[in-house]
Amino acid sequence: MELILSTSPAELTLDPACQPKLPLDSTCQPEMTFNPGPTELTLDPEHQPEETPAPSLAELTLEPVHRRPELLDACADLINDQWPRSRTSRLHSLGQSSDAFPLCLMLLSPHPTLEAAPVVVGHARLSRVLNQPQSLLVETVVVARALRGRGFGRRLMEGLEVFARARGFRKLHLTTHDQVHFYTHLGYQLGEPVQGLVFTSRRLPATLLNAFPTAPSPRPPRKAPNLTAQAAPRGPKGPPLPPPPPLPECLTISPPVPSGPPSKSLLETQYQNVRGRPIFWMEKDI
């Protein structure tokens, strides 16, 4: 008797050299084996899961989000995965993108299926900088979690530089909490804070934008009272009283002011965001 369990195309059989008989011989127990050779157990190729290939850096493109409105939802999901926020608010912010800035850019990879829309791999936002017509502020830089550490962040930043240079800009500014070394490898250096503009339009002349002050005007210094120039007080009778003695000189010696710009460190920063978290301001000439 031969017991066959069909697992097409593999067959699970009892050893034909050891036919079971009733009663079973203790010295000849049935042995369950897999038949080697072409009848090995395999999965049906039609039911094997398809692996999505990793995007190729050479096939990536950079496009403004307002020119691909069908990708708004995918772009919002990408950003909210890093910084959770109301979906309505995120879509509204992305909907403000325009060629007049602020402008949201998406790093796109072609979908494996030609009929499907491309995959949103990364995102960054560019804004004009107050009083610096040739500068842009880079914000909301993010790459899909599953693709980090494979060069897509560098590809995104290099694409931003090409995009900005083609439109006449010569410097990029950004802030970061913990990616100082990444941006340093891309050529960025520690810089000073700048003010990004979120309402710029082609209808606004440059003279109007330059009218905004960068800091409140300092008040003129107040003059110290001249004690020796006052008229000497007169007593009720007799000659006038002598003037008061001069004020003693200050004995404390202030430390010398160092010449040149203050030293900057990649480990410490004097700047904080609105939540009190330390941030590093960085910039690069492009």
Please round to the nearest 0.5 Å and tell me the distance separating atom [atom1] of [X] and atom [atom2] of [Y].
| X | Y | atom1 | atom2 | value |
| --- | --- | --- | --- | --- |
| R165 | K171 | CZ | NZ | 15.0 Å |
| H181 | T176 | NE2 | OG1 | 10.5 Å |
| L137 | L197 | CG | CG | 9.5 Å |
| L172 | I286 | CG | CD1 | 4.0 Å |
| H173 | T175 | NE2 | OG1 | 12.0 Å |
| I279 | D178 | CD1 | CG | 12.5 Å |

**Asked** Just wondering, are more than 12 heavy atoms of other shown residues or ligands nearer than 6.0 Å to NE2 in H92?
**Response**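 No, the 6.0 Å shell around NE2 holds no more than 12 heavy atoms from other groups.
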
**Prompt:** Which other residues end up in the same hydrophobic cluster as L94, if Ile, Leu, Val, Met, Phe, Trp and Tyr are linked when side-chain heavy atoms come under 4.5 Å apart?
**Reply:**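 In the cluster with L94 are V65, L71, L72, L78, I79, W83, L91, M106, L108, V120, V142.
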
Restricting to non-hydrogen atoms, name the atom on [X] and the atom on [Y] that form the minimum distance, rounded to 0.1 Å.
| X | Y | result |
| --- | --- | --- |
| S109 | P55 | OG-CB, 3.1 Å |
| P64 | L103 | CB-CD2, 4.4 Å |
| S97 | H66 | OG-ND1, 2.8 Å |
| L136 | A164 | CD1-CB, 3.9 Å |
| H111 | A117 | CB-O, 3.2 Å |
| K284 | G187 | CG-O, 3.7 Å |

**Under 3.5 Å side-chain donor-acceptor pair for Y183 and E283** =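 The criterion, which ignores hydrogens and geometry beyond distance, is not satisfied for E283 and Y183.
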
**Prompt:** Any side-chain donor paired with an acceptor under 3.5 Å for Q132 and S135?
**Reply:**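 Result is yes, a qualifying pair exists.
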
Do [X] and [Y] come close enough that some side-chain heavy atom pair is under 4.5 Å?
| X | Y | result |
| --- | --- | --- |
| R125 | F101 | no |
| L62 | L160 | yes |
| L126 | V138 | yes |
| E63 | P118 | no |
| P278 | H177 | no |
| V194 | W281 | yes |
| C104 | H123 | yes |
| L156 | V141 | yes |

**Asked** For S89, does its backbone N or O pair with a side-chain atom of S93 as donor and acceptor, under 3.5 Å?
**Response**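 No.
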
**Request:** Among residues two or more places apart or on two chains, list those pairs meeting salt bridge (charged side-chain N to carboxylate O under 4.0 Å, His left out) that have a residue in residues 104-117.
**Result:**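 Found none.
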
**Item:** Non-neighbouring partners of Q189 that pass side chain to side chain donor-acceptor pair (under 3.5 Å), sequence neighbours left out
**Value:**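 Side chain to side chain donor-acceptor pair (under 3.5 Å) list for Q189, sorted by chain: empty.
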
**Request:** Evaluate ring pair (Phe, Tyr, Trp, His ring centres under 6.0 Å) for F280 paired with Y188, printing each intermediate quantity in order.
**Result:** CA-CA 11 Å; F280 294 84; Y188 284 81; over 10 Å; no

**Request:** Assess whether side-chain contact (heavy atoms from CB on, under 4.5 Å) is satisfied between Y271 and E192, documenting all intermediate values.
**Result:** CA-CA 9 Å; Y271 305 112; E192 300 297 328; 2.6 Å; yes

Do [X] and [Y] sit within salt-bridge range, that is, some charged N less than 4.0 Å from a carboxylate O?
| X | Y | value |
| --- | --- | --- |
| D81 | R145 | yes |
| R87 | D77 | yes |
| R90 | D73 | no |

**Message:** Distance to the ring centre below 6.0 angstrom and angle to the axis at most 45 degrees; does that hold for R154 and F152?
**Reply:**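 No cation-pi geometry.
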
**Prompt:** Are M157 and L107 grouped together when hydrophobic residues (ILVMFWY) are joined by side-chain heavy atoms under 4.5 angstrom apart?
**Reply:**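 Yes, because M157 and L107 connect within a single hydrophobic cluster, where side-chain heavy atoms sit under 4.5 Å apart.
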
